[in-house]
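No hydrogens, no waters, no symmetry mates; every other heavy atom, side chains included, goes into these values.
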Amino acid sequence: MPLNKSQAEEIQEIRAETRETRRATVPSLEEILYEPVKCLDHGFIRVIDYMGDDAAIVQAARVSYGKGTKKVNEDKGLINYLMRHWHSTPFEMCEIKFHVKLPIFIARQWIRHRTANVNEYSARYSILDKEFYIPAPENLAAQSAMNRQGRGDVLQGKEAVRVLELLRQDSENVYGHYEEMLNENSAGEKINEDNSGLARELARMNLTLNYYTQWYWKIDLHNLLHFLHLRADAHAQFEIREYANAMLDVVKRWVPITHEAFMNNRVNGAQLSGSGLEIVRRMIKGEKISQETSGLSKREWVELVNSLKVDL
């Protein structure tokens, strides 16, 4: 598991402790609390803390809608109603805090979601570990001919071997130069007594974007689900999708009723435009419709067909 010695010792120590509390806890999430869930080659996510559960969402909603009943099936119905009608506030009552270890180039993509509290490992104060991401051969692909920000066919043969070789060589070389400029190794030991060494805040600029960073990331459930809706989607970059899928499993443990509603209404559901909805109405009446007669652009037509999962 991609943990350093001090992190592993900290987790062992924390998990050995038990605390009494009057607040709501979720046994299935408690099982994995503090434990790292592996992502990519050296990355992980782990839950550090959380607040609330499915019942907290229902409790918050009933402040608005009245007390009503408290049967589990009616709680489920209420959560589905909230999800279906895009009510966000009750879901904001739950929060979760993750410790995430991820490549820098994925962190830069991730940080675009500005609805979380983030505290990142500082390479101004500490020396980064010699850990960098190398894609598995099956994830090494050419630029997509159809999508300017996506991948196409997997690289084959000598080209794939050479690309992996370059990635490893460059990553090794820059870390060697990083230590040389710092005049320190990863243990903080001086390399050459005659040299002063470059400041850490400057030496870090030489590292490539596939080096790993770490942060604590705290977010409410509503904004977490929005993040997952985008980043667990098949169109998202593979690397960030790996983290999103791991987090989706955490959500299932934490708030299973909400997870089910999310999967049904967001992930496996579809939102249609007014034009798309009109086409569906015409189809229901028995009209045969093609892209040419639909009034939609080719891209809009493909998106509609994919949403409906039918051959038109």
Open item on the list: Are Leu230 and Ile240 linked, directly or through intermediate hydrophobic residues, by side-chain heavy-atom contacts shorter than 4.5 Å (ILVMFWY only)?
Closed with: no
Task: NE2-CE distance between His222 and Met93, expressed to the nearest 0.5 angstrom - done: 11.5 Å
Contacts under 3.5 angstrom, residues 153-165 side chains, donor-acceptor by atom type, not counting sequence neighbours:
{"from": "Gln156", "atom 1": "NE2", "to": "Val154", "atom 2": "O", "distance (Å)": "3.3"}
{"from": "Arg162", "atom 1": "NH1", "to": "Glu165", "atom 2": "OE1", "distance (Å)": "2.4"}

Task: Between CG on residue Asn173 and CD on residue Glu180, distance to nearest 0.5 Å - done: 11.0 Å
TODO: Report yes or no: do Asp220 and Asn223 form a side-chain donor-acceptor pair below 3.5 Å?
DONE: yes
- [ ] First locate atom CD1 of Ile79, then atom CD1 of Ile257, and finally report the distance between them rounded to the nearest 0.5 Å.
- [x] 5.0 Å
Open item on the list: Whether the Asp233 and His235 side chains hold a donor-acceptor pair (N or O, under 3.5 Å, no angle test) is what I'd like checked.
Closed with: yes
Task: Between OG1 on residue Thr25 and CE on residue Met51, distance to nearest 0.5 Å - done: 14.5 Å
Open item on the list: Quick check: do Val37 and Asp249 have side-chain heavy atoms less than 4.5 Å from each other?
Closed with: no
Open item on the list: Quick test of your reading of the model: are Glu278 and Arg282 salt-bridged, counting only N-O distances below 4.0 Å?
Closed with: no
Open item on the list: Under a plain distance cut-off of 3.5 Å, with no hydrogens placed, do Asn210 and Ser171 share a side-chain donor-acceptor pair?
Closed with: yes
Task: Passing candidate, side chain to side chain contact (heavy atoms under 4.5 Å, CB included) with Tyr211, options Glu131, Lys130, His42 - done: Lys130
- [ ] Could you tell me whether a side-chain N or O of Thr293 sits under 3.5 Å from a main-chain N or O of Ile289, the two making a donor and an acceptor?
- [x] no
Task: Output field: ring centroids Trp217/Phe227 closer than 6.0 Å - done: yes
TODO: Answer yes if the side chains of Gln7 and Gln214 hold a donor-acceptor pair under 3.5 Å, and no otherwise.
DONE: yes
Task: Arg299/Glu303 under salt bridge (Lys or Arg N to Asp or Glu O under 4.0 Å): CA gap, chis, key distance, verdict - done: CA-CA 6 Å; Arg299 183 168 186 173; Glu303 289 173 356; 3.7 Å; yes
- [ ] Before accepting this row, confirm whether a basic side-chain N of the pair Asp129/Lys5 lies closer than 4.0 Å to the acidic partner's carboxylate O.
- [x] no
- [ ] Under the side chain to side chain contact (heavy atoms under 4.5 Å, CB included) rule, what do Arg46 and Ile11 come out as? Steps first, then yes or no, please.
- [x] CA-CA 10 Å; Arg46 63 189 186 106; Ile11 291 171; 3.3 Å; yes
Open item on the list: With a 4.5 Å cut-off on side-chain heavy atoms, are Ile127 and Arg200 touching?
Closed with: yes
Open item on the list: I'd like to check Tyr50 versus Lys97 (side-chain heavy atoms, cut-off strictly below 4.5 Å). Are they in contact?
Closed with: no
Task: Gap separating the OH atom of Tyr121 from the OH atom of Tyr212, nearest 0.5 angstrom - done: 15.5 Å
Task: Over all atoms of both residues, closest heavy-atom pair of Pro103 and Tyr243 - done: CD-OH, 3.6 Å
Open item on the list: Is the shortest side-chain heavy-atom distance between Thr258 and Leu225 below 4.5 Å?
Closed with: yes
TODO: Identify the two heavy atoms, one from Ala141 and one from Gly152, that lie closest to each other, and give their separation to 0.1 Å.
DONE: CB-O, 3.6 Å
- [ ] Evaluate the side-chain hydrogen bond (donor to acceptor under 3.5 Å, both in side chains) criterion for residues Ser6 and Glu9: first the C-alpha distance (whole Å), next the side-chain angles of each, then the deciding distance (0.1 Å), finally the verdict.
- [x] CA-CA 5 Å; Ser6 63; Glu9 289 174 350; over 6 Å; no
- [ ] Please assess Trp254 against Cys94 for the test side chain to side chain contact (heavy atoms under 4.5 Å, CB included), listing each intermediate value before the final yes or no.
- [x] CA-CA 10 Å; Trp254 177 26; Cys94 295; 3.6 Å; yes
Task: Point-to-point distance, once rounded to the nearest 0.5 Å, from NE2 of His226 to OG of Ser88 - done: 11.5 Å
Open item on the list: Given Ile96, which partner from the list Asp49, Ile219, Val251 fulfils the side chain to side chain contact (heavy atoms under 4.5 Å, CB included) test?
Closed with: Ile219
Task: Common cluster, Leu272/Ile284, ILVMFWY with side-chain heavy-atom separation under 4.5 Å - done: yes
Open item on the list: For Tyr133 and Glu239, which I'm curious about, is there any donor-acceptor pair between the side chains at under 3.5 Å?
Closed with: yes
TODO: Give a yes or no on whether Ile191 and Val174 share a hydrophobic cluster (residues Ile, Leu, Val, Met, Phe, Trp, Tyr; joining criterion: side-chain heavy atoms under 4.5 Å apart).
DONE: no
Task: Flag, side chain of Arg151 to backbone of Asn139, donor-acceptor distance under 3.5 Å - done: yes
Open item on the list: Set out, in order, the CA-CA distance, both residues' side-chain angles and the distance that settles salt bridge (Lys or Arg N to Asp or Glu O under 4.0 Å) for Arg108 and Glu120, then state yes or no.
Closed with: CA-CA 12 Å; Arg108 297 300 159 257; Glu120 187 175 1; 3.5 Å; yes
Open item on the list: Quick check: is Leu128 connected to Leu202 through a chain of hydrophobic side chains (ILVMFWY, heavy atoms under 4.5 Å apart)?
Closed with: no
- [ ] Verify whether the ring centers belonging to Phe132 and Tyr175 lie closer than 6.0 Å.
- [x] no
Open item on the list: Quick check on the hydrophobic clustering: are Ile134 and Leu209 connected, directly or via other members, by side-chain heavy-atom contacts under 4.5 Å?
Closed with: yes
Open item on the list: I want to check something: taking the side chain as every heavy atom from C-beta on, are Lys218 and Phe98 in contact at a cut-off of under 4.5 Å?
Closed with: no
Task: Crowding at CZ, Arg112 (>12 non-hydrogen neighbours, <6.0 Å) - done: no
Open item on the list: Less than 4.5 Å apart, side chain to side chain, heavy atoms only: is that true for Glu184 and Lys190?
Closed with: no
Open item on the list: Working note: Asn206 + Met181, criterion side chain to side chain contact (heavy atoms under 4.5 Å, CB included); need CA distance, chi angles, decisive distance, verdict.
Closed with: CA-CA 9 Å; Asn206 197 51; Met181 287 187 289; 3.4 Å; yes
Open item on the list: The test is side chain to side chain contact (heavy atoms under 4.5 Å, CB included); show your working for Trp110 and Arg231 and say whether it passes.
Closed with: CA-CA 9 Å; Trp110 190 314; Arg231 299 305 182 177; over 6 Å; no
TODO: Indicate yes or no: at least one non-hydrogen side-chain atom of Arg62 is less than 4.5 angstrom from one of Leu78.
DONE: yes
- [ ] Evaluate whether atom CD of Glu287 has more than 12 neighbouring non-hydrogen atoms of other residues, nucleotides or ligands under 6.0 angstrom away.
- [x] yes
Open item on the list: Quick test of your reading of the model: are Glu31 and Arg253 salt-bridged, counting only N-O distances below 4.0 Å?
Closed with: yes
Task: Which atom of Glu179 lies closest to which atom of Asn185, heavy atoms considered - done: OE2-CA, 3.4 Å
Open item on the list: We want to know whether Gln12 and Tyr34 form a side-chain donor-acceptor pair, criterion being a heavy-atom distance below 3.5 angstrom.
Closed with: no
Indicate every side-chain donor-acceptor pair of residues 260-269 with a distance under 3.5 Å to a residue at least two apart or in another chain.
{"from": "Glu260", "atom 1": "OE2", "to": "Lys76", "atom 2": "NZ", "distance (Å)": "3.3"}
{"from": "Asn265", "atom 1": "ND2", "to": "Ala261", "atom 2": "O", "distance (Å)": "2.9"}
{"from": "Arg266", "atom 1": "NH1", "to": "Met83", "atom 2": "O", "distance (Å)": "2.8"}
{"from": "Arg266", "atom 1": "NH2", "to": "Met83", "atom 2": "O", "distance (Å)": "2.9"}
{"from": "Asn268", "atom 1": "ND2", "to": "Met263", "atom 2": "O", "distance (Å)": "3.2"}

Open item on the list: Can you confirm whether Asn119 is buried at CG, in the sense that more than 12 heavy atoms of other residues, nucleotides or ligands lie under 6.0 Å from that atom?
Closed with: no
Task: Side chain proximity check, Val100 to Phe44, heavy atoms < 4.5 angstrom - done: no
Open item on the list: So for atom CD, which belongs to Glu20, do other residues, nucleotides or ligands contribute more than 12 heavy atoms lying within a distance under 6.0 Å?
Closed with: no
Open item on the list: Between Ser275 and Glu300, does the side-chain hydrogen bond (donor to acceptor under 3.5 Å, both in side chains) criterion hold? Intermediate values first, please.
Closed with: CA-CA 10 Å; Ser275 300; Glu300 288 173 323; over 6 Å; no
